Amino acid sequence: MTLAPDRLERFARHIVLPEVGGAGQVALDQAHVVLVGCGGIGSPALQYLAAAGIGRLTLIDSDTVDVSNLQRQTIFSPADVGRAKAEVAAEWVKRFDPAIEVRALALRLDRNNVDEALSGADVVLDGCDNFATRLLVSDACVAAGIPLTSAAIGRFQGQVASFAGHLPDQPCYRCFVGDAFDAEDCDTCAADGVLGAMAGMVATFGAMQALRVVLEGHAALGEPQFGKLHLLDGLKPSLRTLNISRDPECRSCGKP
Ligand SMILES: [Zn+2]
């Protein structure tokens, strides 16, 4: 498997990196990444996933563009207000790199559609705005054996972690947050406010961690760092990394 001359040129700065190289770029080209949420996290993350040359993207968001999104959701413009975010995001990808195969799902994930929506993914990057969807996505990833990169923001705190809960020694997202967050009404981000550049920092970090997952087995950058929680403090700024423990009683990944 080799890349066409125009692709070699487009990704020349990746290919010269010893940590990525030609083999790594081919792996990115062959990869299917599912992005859950095309908002504050998903929008900048999408830009860097597409720029990295991910060959297939599935974009999921049930929301429409609001004028208050434009302060941080970098792929949208005033003309998009009122339109489905997933559709506008797919159009952005097609303009940016017509070689990318993109699928838009303008729907709210639920028990009935989540498995099909995530099917065939090499990694799911979750940047959605509610815990109920995050837990639904995590449980589906564990069941289907799909790695999950989670990126979340609250004011000036960012959390980025990759999970492989389907592997016997690895925690899942539910091990990390527990069962209390399945309720739909525990989300506060909209009322809290968020600085656009902070969302961008967490989003691009999430994209970087998802790229590590894709590159596992193909390039030196491919150490997926499963089970490591990276905590970003945007005010100081600082970064701390913690190990997440596997919960043997976990409803999702624990042994029955
Ligand atoms: Zn678990």
Side-chain angles (χ1 to χ4, degrees), residues 31-37 39 41-42 45 49 58 60-61 105 108-154 157-189 202-203 205-217 222-232 239-256:
H32 176 198
V33 176
V34 174
L35 188 60
V36 180
I41 299 289
L49 292 173
T58 295
I60 307 172
D61 200 309
L105 298 178
R108 174 105 181 171
L109 289 176
D110 60 34
R111 270 179 187 40
N112 297 319
N113 62 22
V114 67
D115 293 336
E116 198 283 322
L118 307 185
S119 70
D122 293 294
V123 61
V124 173
L125 176 53
D126 191 349
C128 80
D129 63 356
N130 70 90
F131 283 108
T133 300
R134 283 180 181 274
L135 285 163
L136 176 80
V137 166
S138 173
D139 292 352
C141 282
V142 171
I146 301 169
L148 169 69
T149 300
S150 171
I153 183 172
Q157 303 297 315
Q159 298 185 344
V160 176
S162 292
F163 298 92
H166 55 286
L167 300 179
D169 56 340
Q170 288 290 339
C172 75
Y173 179 78
R174 187 179 285 278
C175 292
F176 168 45
V177 300
D179 298 332
F181 293 102
D182 281 300
E184 301 258 351
D185 61 352
C186 63
D187 307 305
T188 58
C189 290
V202 175
F205 191 13
M208 171 106 178
Q209 296 305 101
L211 294 177
R212 287 182 197 272
V213 174
V214 170
L215 290 172
E216 186 180 20
E223 160 50 48
Q225 303 185 343
F226 291 134
K228 303 258 185 222
L229 173 67
H230 303 288
L231 292 169
L232 285 135
L239 173 65
R240 283 193 304 144
T241 301
L242 309 171
N243 289 314
I244 299 169
S245 298
R246 198 179 147 261
D247 176 3
E249 306 295 313
C250 174
R251 248 170 56 192
S252 180
C253 73
K255 294 289 162 283

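Counting starts at 1 for both ligands and their atoms, following the listed order. Atoms considered below: every heavy atom in the structure, side chains included; atoms not considered: hydrogens, waters and symmetry mates. Computed from a predicted model, the values in this text were never measured in an experiment.
Contact check for F226 versus V213: side-chain heavy atoms found under the 4.5 Å cut-off. Within the 4.5 Å cutoff, the side chain of Q157 has no heavy atoms near those of the L231 side chain. Considering only heavy atoms from C-beta on, P224 stays 4.5 Å or farther from P147 through its side chain.
Side-chain atoms of S150 and R134 form a donor-acceptor pair, as typed in the model, at a separation below 3.5 Å.
When each of L35, T133, L118 is tested with I60 by the rule side-chain contact (heavy atoms from CB on, under 4.5 Å), just one qualifies, namely L118.
Between H230 and F205, the ring planes lie tilted relative to each other; the angle falls in the 30° to 60° range.
Around the Zn ion (ligand 1), protein N, O or S atoms at less than 2.8 Å number 4.
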